[in-house]
Amino acid sequence: MSTLLDLRPAGTRSVLVELPGNASVRKLVVAAREQIAGLEEVVAGHDTVLLVWEPGRRPPTDLKDRLAAVLSSRHRDPEPRTIALDVRYDGPDLGAVADACNMSPEEVVRRHAAAVYEVGFLGFAPGFAYLLGGDPQLQPPRRDSPRARVPAGSLALAGEYSAIYPTASPGGWHLLGSCDATLFDLARPEPALLTTGTRVELRVGGA
Amino acid sequence: MSLRIEVVAGGARTTIQDLGRPGWAHLGVPASGAADRRAYTLANRLVGNAEGAPALETTLSGPVLRFGAATTIALTGAPVEATLAGRSISMHAPIPVRAGQELDVGTATSGLRTYVAIRGGLAGETVLGSLSSDQLTGLGPAPLQSGDVLELGGDALSSPAVDIAPVAAATDPVVLPVTLGPREDWFAPDAVTAFLGATFTVTPQVDRIGVRVAGPQLPWRSDDSMRSEGLALGAVQVPPSGEAIVMLADHPTTGGYPVIAVVDEAALGDAAQLRPGGRVRFAVPRAAPRAPEDLEEASF
């Protein structure tokens with residue numbers, strides 16, 4: 001059982017937990033907050049979770065056993081939240097993605113909109129969610145040269161990830177379209193619209 | 001007599017900092033906060049503030065401030081030849097200020113970041129519970145500019161308890177104790193030896209996000225790209241260019257390049273004081289001082 005996770009030290013008060021897949025990432029980020037004392041940050045990665053203890057605290061010595069217990073408990077898997085986002089496939093890189101993936105721009109849109117995504121983790125910018133679960137035929141590498149400015153609300157694709165830029169920033173992903181949803185808002189009790197484990201459906205032609 | 005401070009000159013980059021906004025990294029929000037925690041909390045203690053009271057953090061050259069009312073200040077961190085109403089003042093000591101006097105913080109003679117704590121702490125609109133100015137995301141107040149007016153809070157805890165605090169001078173090269181990992185096995189076999197054996201030079205690319213250092217190439221084991229994972233404060237990340245970056249307070253919450261080692265918590269202040277052109281080494285402490293119950297940590 002314990003061979004499924006690998007613990008790597010990440011400084012004096014952090015441990016990087018390597019996991020067998022993203023389903024266990026989602027499970028661990030919820031369970032760690034509830035069941036492990038003294039945590040300051042629980043940061044999901046693609047197939048890792050970084051656990052950071054409060055200043056001056058140290059990871060417990062029996063951490064591996066505790067994490068194994070958390071992950072093997074069946075009734076702890078949280079019910080995922082689903083959010084539908086209205087998007088427009090009006091981005092400047094549809095043609096480039098179609099060429100890179102050997103299909104028509106229409107086929108790019110059809111495949112991209114048909115997938116049901118799940119947020120793997122956030123990073124890069126506040127509220128920037130890495131969406132997993134895209135079509136395996138639709139994984140173009142990043143652009144050769146990043147754009148100095150990608151507009152807020154850009155629906156973008158790079159490799160196995162899709163994302164919507166919450167704010168304008170530099171970016172190297174392909175821009176497929178746009179979305180009007182507010183992804184990050186400090187005035188909300190939960191500032192990020194999308195968090196690890198959220199399921200995302202894209203609705204074409206809304207508004 | 002208002003408790004206000006007029007910014008006559010902002011300095012190279014002077015920001016308001018407190019203990020930051022930890023707890024939001026899972027949303028992509030950096031913890032931010034004072035880069036050199038030890039110096040920052042000392043400054044607050046010297047003026048009788050709570051340790052986390054908002055104070056000023058300079059970058060190399062500090063601001064000129066005019067005080068609207070009498071108060072007490074303290075300067076810690078990078079040593080400067082500061083003057084108050086034209087007279088030299090000491091570091092690491094509470095300094096009484098009279099209404100109308102002007103403080104010229106001056107330029108750091110070594111190190112990078114000087115802290116200016118003011119009795120009562122600075123006031124302002126917090127973002128996610130903090131007044132810290134975050135260079136990565138732009139959250140929090142902008143760096144000081146001439147003409148700004150700083151408002152003071154009124155929550156000093158006590159009379160200053162210490163007269164002067166002894167602080168050790170920095171060594172050259174600065175030696176930063178590290179814990180290897182989490183991705184030391186991502187590198188070619190000799191890279192860890194090279195990392196621990198070399199003296200690195202601090203490049204001009206230094207900000208609150210990180211410190212880029214130049215030294216020996218630290219080649220990866222293969223050309224494989226790594227998947228993004230959470231970054232710890234003090235992480236030494238090595239992009240394909242080979243120049244390592246020590247992550248400071250405003251570092252991104254995740255990163256896609258391998259981390260060869262993480263600077264120990266107690267030495268993060270020293271990392272934050274590295275200045276361009278300075279020299280730095282990384283060392284694994286021979287016998288890490290740990291509580292007995294933590295001895296099995298090595299079994300990770």
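Every chain is numbered from 1, with letters handed out A, B, ... down the list of sequences. Please read these numbers as outputs of a predicted model, since none were measured by experiment.
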Interface check, chain B: of A/Pro126, A/Gly45, A/Ala125, most non-hydrogen pairs under 4.5 Å belong to A/Pro126

What pairs of donor and acceptor atoms, side-chain ones from residues 162-173 of chain A against any protein atom, are under 3.5 angstrom apart with sequence neighbours left out?
unit_1   : atom_1 : unit_2   : atom_2 : d
A/Ser162 : OG     : A/His112 : NE2    : 2.8

- Message: Is it the case that atom CZ in A/Arg147 sees more than 12 heavy atoms from other parts of the structure closer than 6.0 Å?
- Response: yes

Turns out that what part of A/Val52 lies under 4.5 Å from chain B's heavy atoms comes down to neither

A/Pro55 and B/Glu265 have their tightest heavy-atom pair at CA-OE2, 3.2 Å

When rounded to the nearest 0.5 Å, the distance separating CG of A/Leu122 from CG of B/Leu27 is 6.0 Å

Q.
A quick test of your reading: do over 12 heavy atoms of other residues, nucleotides or ligands sit less than 6.0 Å from OH of B/Tyr257?
A. no

If one checks every heavy atom of B/Val178 against chain A at 4.5 Å, the contacting part turns out to be neither

Under 4.5 Å to a heavy atom of chain B? For A/Ala44 that would be backbone

Okay, A/Phe121 and chain B: the region with an atom under 4.5 Å from a heavy atom over there is side chain

Applying a strict 4.5 Å limit to non-hydrogen atoms, the region of B/Pro22 in contact with chain A is both

When the 4.5 angstrom heavy-atom criterion is applied to B/Arg183 and chain A, the contacting part is both

Between A/Glu41 and B/Ala31, the two heavy atoms sitting closest are OE2-CB, 4.4 Å

If one checks every heavy atom of A/Thr196 against chain B at 4.5 Å, the contacting part turns out to be neither

Closest heavy-atom pair, B/Trp24 versus A/Pro191, reported as atoms and distance to 0.1 Å, is CZ3-CD, 3.7 Å

Most heavy-atom pairs under 4.5 Å with chain A, out of B/Leu180, B/Thr253, B/Leu128, B/Thr254, belong to B/Thr254

Problem - Heavy atoms of other groups near A/Glu190 CD, more than 12 under 6.0 Å - result: yes

Ordered numerically, the heavy-atom neighbours of chain A under 4.5 Å found in residues 226-238 of chain B are B/Arg227, B/Ser228, B/Glu229, B/Gly230, B/Leu231, B/Ala232, B/Leu233

